[in-house]
Amino acid sequence: MPRLIRPKLPPEVELGISLMGNRARVDILRRLSMLGPSTIGQLQTVLDISRPSLNRHLDFLSNAGLVQTDPPAGMRHGKDVIYTVQSDRIRELTRYCAAYVEGM
């Protein structure tokens, strides 16, 4: 039986696959884009996702630079966090993936 081959891809392409290969993350970014800056509570009212799962996805998106948090991690101390989509970063990531697929 053949083994699954996992080619070594550039980090930005790997990130793009992690993002676009996950329906929940794509939907979170879409809803956040539509709503504008939002708290996790506001997002949860429009998404069919548990709060712990939403937290994990938002952490991934924040660590990837795809959403910005205010206040930043480590400075929250019980404050509501506002999440904002970083559209330029998403476009940059999309360009990396397209260039890779096109052999550039």
Side-chain angles (χ1 to χ4, degrees):
M1 175 176 267
R3 284 184 45 192
L4 177 65
I5 298 172
R6 185 176 180 147
K8 180 148 177 64
L9 302 175
E12 296 294 324
V13 175
E14 288 284 356
L15 181 58
I17 291 168
S18 294
L19 169 66
M20 295 303 172
N22 187 295
R23 288 185 175 112
R25 290 179 188 147
V26 171
D27 195 34
I28 291 166
L29 286 172
R30 180 176 181 270
R31 297 300 180 120
L32 193 52
S33 291
M34 292 168 50
L35 289 172
S38 305
T39 64
I40 194 166
Q42 292 168 321
L43 284 170
Q44 196 173 16
T45 63
V46 297
L47 294 166
D48 186 24
I49 189 170
S50 70
R51 192 174 185 104
S53 185
L54 182 54
N55 267 323
R56 281 192 302 275
H57 288 301
L58 286 169
D59 283 346
F60 173 89
L61 294 169
S62 177
N63 291 334
L66 300 170
V67 298
Q68 182 179 19
T69 61
D70 183 33
M75 301 180 73
R76 297 179 183 156
H77 307 292
K79 297 179 183 177
D80 281 338
V81 178
I82 304 293
Y83 295 90
T84 307
V85 170
Q86 299 300 295
S87 299
D88 290 344
R89 177 72 173 128
I90 293 170
R91 282 190 282 278
E92 175 187 42
L93 193 58
T94 303
R95 282 192 301 273
Y96 274 113
C97 290
Y100 180 80
V101 169
E102 293 169 353
M104 301 178 145

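Index from 1, following the sequence. Just the heavy atoms: all of them, side chains too, but no hydrogens, waters or symmetry mates, feed the values below.
When atom types are taken as modelled, the side chain of Glu102 and the backbone of Ala99 share no donor-acceptor pair closer than 3.5 angstrom. A donor-acceptor pair is defined here as one N or O able to donate and one able to accept, closer than 3.5 Å; such a pair exists between the side chain of Ser18 and the backbone of Glu14. A distance-only check finds no donor-acceptor pair linking the side chain of Ser53 to the backbone of Ser50 [under 3.5 Å].
For Arg23, the side-chain hydrogen bond (donor to acceptor under 3.5 Å, both in side chains) test picks out no residue, with sequence neighbours left out.
Scanning all heavy atoms of the two residues, the minimum distance from Gly16 to Cys97 falls at CA-SG, 3.8 Å. Here the shortest heavy-atom pairing between Val85 and Ile90 reads CG1-CD1, 3.5 Å. Residues Val13 and Tyr96 come closest through the heavy atom pair CG2-O, 4.0 Å. Contact detail for Leu47 and Ile28: the closest heavy-atom pair is CD1-CG1, 3.8 Å. Closest heavy-atom contact between Asp88 and Arg91: OD1-NH2, 2.8 Å. Here the shortest heavy-atom pairing between Val81 and Thr69 reads CG1-CB, 3.7 Å.
Ion pairing of Arg89 with Glu12 is present here, as a side-chain N (NZ or NE/NH1/NH2) and a carboxylate O approach within less than 4.0 Å. Salt bridge status for Arg56 with Asp59: absent, with no side-chain N to carboxylate O gap under 4.0 Å.
Using a 4.5 Å heavy-atom threshold, the side chains of Gln68 and Tyr83 count as separate. A heavy-atom distance below 4.5 Å is found between the side chains of Val26 and Met20. No side-chain heavy atom of Ser38 sits under 4.5 Å from any side-chain heavy atom of Ile82. Proximity of Leu19 to Leu66: side-chain heavy atoms (C-beta onward) are separated by under 4.5 Å at one or more points. Contact annotation: the side chain of Asp80 never approaches that of Ile40 to less than 4.5 Å [non-hydrogen atoms, C-beta and beyond].
Here Ile49 contributes atom CD1 and Gln44 contributes atom CD; the two are 8.5 Å apart, rounded to the nearest 0.5 Å.
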Which is it for Leu61 and Gln86 under the side chain to side chain contact (heavy atoms under 4.5 Å, CB included) test, yes or no, and what are the steps along the way? CA-CA 10 Å; Leu61 294 169; Gln86 299 300 295; over 6 Å; no

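Under the salt bridge (Lys or Arg N to Asp or Glu O under 4.0 Å) criterion, the residue pairs touching residues 29-51 are Asp27-Arg31, with sequence neighbours excluded.
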